[in-house]
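Both ligands and their constituent atoms are indexed starting at 1 by order of listing. On a predicted model such as this, the values are computed, not experimentally measured, just so you know.
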Amino acid sequence: MPANILDGNKIAAEIRAEAAADARALAAAGTRPGLAVVLVGNNPASEIYVRGKVKSCEAVGIYSEQHTPGESSSTEELLKLVADLNRRDEIDGILVQLPLPRQVDSKKVLISVDPAKDVDGFHPMNVGLLSTQRPGLAPCTPAGIMEMLGRSGIKIAGAEAVVVGRSDIVGKPMAMLLLNANATVTVCHSKTHDLPGVCRRADILVAAIGRAGMITKDFVRAGATVIDVGMNRVADPVEFSRLFAGNRKREETFQAKGSVLVGDVHPEIAEVAGAITPVPGGVGPLTIAMLMANTVKAAKMRRGTGARESLVV
Ligand code: GUN
């Protein structure tokens with residue numbers, strides 16, 4: 001039986017609609033949520049991501065503003081910008097798009113964001129709140145994956161979950177969220193022995209490695225749920241044909257554009273898995289939807305309007 005396709009666009013639309021309803025209620029109370037996005041320099045991929053984030057704010061009814069310091073910005077200049085945004089009451093969320101230029105001390109900049117406005121969930125305070133199961137702000141991509149699993153009726157408690165990749169942005173917080181939801185979690189990385197064997201244990205396999213089509217059939221147990229966080233551009237014809245030989249639609253795209261977007265999961269796993277996320281249209285749309293949800297959550301927590309609990313511990 002072919003795998004069930006988990007539709008990220010559909011679930012993202014549900015999350016956006018909920019965030020929009022909350023944003024309207026906050027605006028009616030005179031406290032429209034606001035997000036400041038900081039895009040440093042001119043990384044083309046970051047420019048595309050940031051455009052998507054700002055557009056989504058408009059659709060959801062969140063005030064947004066974009067700050068675009070130049071490529072040669074110093075750590076001190078960025079610290080000053082963040083300090084200004086921390087002080088402004090109408091700004092509920094601050095997002096510093098990564099990667100930052102090489103001369104900038106990223107860790108210093110990220111720790112300068114007020115944890116209550118840290119809608120990316122990257123501040124060590126939020127990392128600690130997540131790991132100790134206190135209310136806070138969790139990173140958008142893994143939080144979106146949890147929403148996708150939950151809303152698709154995939155059972156997490158008691159499941160064997162394997163996360164491939166240990167980044168601060170996806171792998172580590174993903175593992176923590178799954179653990180908090182009572183999965184048995186294994187985190188794999190480049191030094192893991194017998195990676196296919198470890199992955200085959202998974203009921204839920206999350207691939208966040210950044211290598212096109214690396215997760216092949218021999219990594220996947222029959223019926224497993226496979227979540228593909230990868231977003232890789234493949235332009236090499238040999239690599240293209242390893243992934244998509246015989247796929248007419250993809251061949252047409254490759255002919256027309258000279259490249260295709262591919263996740264970390266090989267398309268052949270659709271023959272084995274129980275459920276998969278497509279690329280594009282899987283995890284990607286959820287990341288931005290969760291940014292909207294986190295901005296509304298930050299507004300509620302800071303302004304004390306319907307917040308469940310405060311970030312202050
Ligand atoms: N760069 C790649 N992913 C992300 C993300 O989720 N947040 C930020 N701020 N930068 C990123």
Side-chain angles (χ1 to χ4, degrees), residues 8 12 15 19 35-57 62 64-69 71 73 75 78-79 81-82 85-86 91-102 104-115 117-127 130 136-148 163 165-177 206-211 227-233 261 263-264 279-280 282-295 297-298:
I15 295 167
L35 175 67
V37 180
V38 179
L39 170 62
V40 186
N42 26 40
N43 178 317
S46 292
E47 283 171 4
I48 294 170
Y49 290 138
V50 164
R51 207 174 310 141
K53 290 171 185 181
V54 170
K55 246 177 83 179
S56 188
C57 283
I62 292 173
S64 74
E65 59 184 42
Q66 201 176 319
H67 297 263
T68 53
E71 184 73 35
S73 299
T75 303
L78 297 181
L79 290 177
L81 171 58
V82 170
L85 296 170
N86 282 342
I91 297 297
D92 297 290
I94 301 169
L95 180 144
V96 181
Q97 185 67 28
L98 301 177
L100 290 170
R102 256 193 311 166
V104 175
D105 185 338
S106 299
K107 283 195 179 355
K108 226 173 173 175
V109 173
L110 293 182
I111 208 170
S112 77
V113 174
D114 179 347
K117 297 188 178 189
D118 171 37
V119 283
D120 258 328
F122 293 167
H123 192 287
M125 167 81 135
N126 280 313
V127 176
L130 175 63
L137 294 162
C140 299
T141 299
I145 291 169
M146 294 303 286
E147 289 292 327
M148 178 178 251
V163 179
R166 56 174 156 183
S167 69
D168 291 343
I169 294 180
V170 181
K172 283 188 215 162
M174 183 80 257
M176 200 53 80
L177 285 164
V206 181
I209 322 142
R211 302 234 336 241
I227 305 292
D228 191 350
V229 185
M231 183 69 91
N232 314 287
R233 192 162 285 287
L261 274 181
D264 293 344
V279 174
V283 172
L286 287 170
T287 298
I288 297 188
M290 288 312 294
L291 175 64
M292 302 299 107
N294 269 356
T295 303
K297 186 176 180 185

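- Residues V229 and I145 are in side-chain contact: their nearest non-hydrogen atoms beyond the backbone lie under 4.5 Å apart.
- Counting only heavy atoms from C-beta outward, the side chains of I227 and M174 never approach each other to under 4.5 Å.
- Counting only heavy atoms from C-beta outward, the side chains of I91 and K117 approach each other to under 4.5 Å.
- Side-chain atoms of T295 and L291, non-hydrogen and from C-beta on, do get closer than 4.5 Å to each other.
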Give a table of atom pairs where an N or O of ligand 1 lies under 3.5 Å from a protein N or O.
unit_1: ligand 1; atom_1: 1 (N); unit_2: Q97; atom_2: NE2; d: 3.3
unit_1: ligand 1; atom_1: 1 (N); unit_2: L98; atom_2: O; d: 3.0
unit_1: ligand 1; atom_1: 7 (N); unit_2: D120; atom_2: OD1; d: 3.1
unit_1: ligand 1; atom_1: 7 (N); unit_2: D120; atom_2: OD2; d: 3.3
unit_1: ligand 1; atom_1: 9 (N); unit_2: V96; atom_2: O; d: 2.9
unit_1: ligand 1; atom_1: 9 (N); unit_2: D120; atom_2: OD2; d: 2.6
unit_1: ligand 1; atom_1: 10 (N); unit_2: Q97; atom_2: NE2; d: 3.4
unit_1: ligand 1; atom_1: 10 (N); unit_2: L98; atom_2: N; d: 3.0

If you look only at distance, which donor and acceptor atoms sit under 3.5 Å apart when one is on a side chain in residues 38-50 and the other is two or more places apart or in another chain?
unit_1: N43; atom_1: OD1; unit_2: A45; atom_2: N; d: 3.0
unit_1: N43; atom_1: OD1; unit_2: S46; atom_2: N; d: 3.2

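- Taking the side chain as every heavy atom from C-beta outward, I169 and F122 approach each other to under 4.5 Å.
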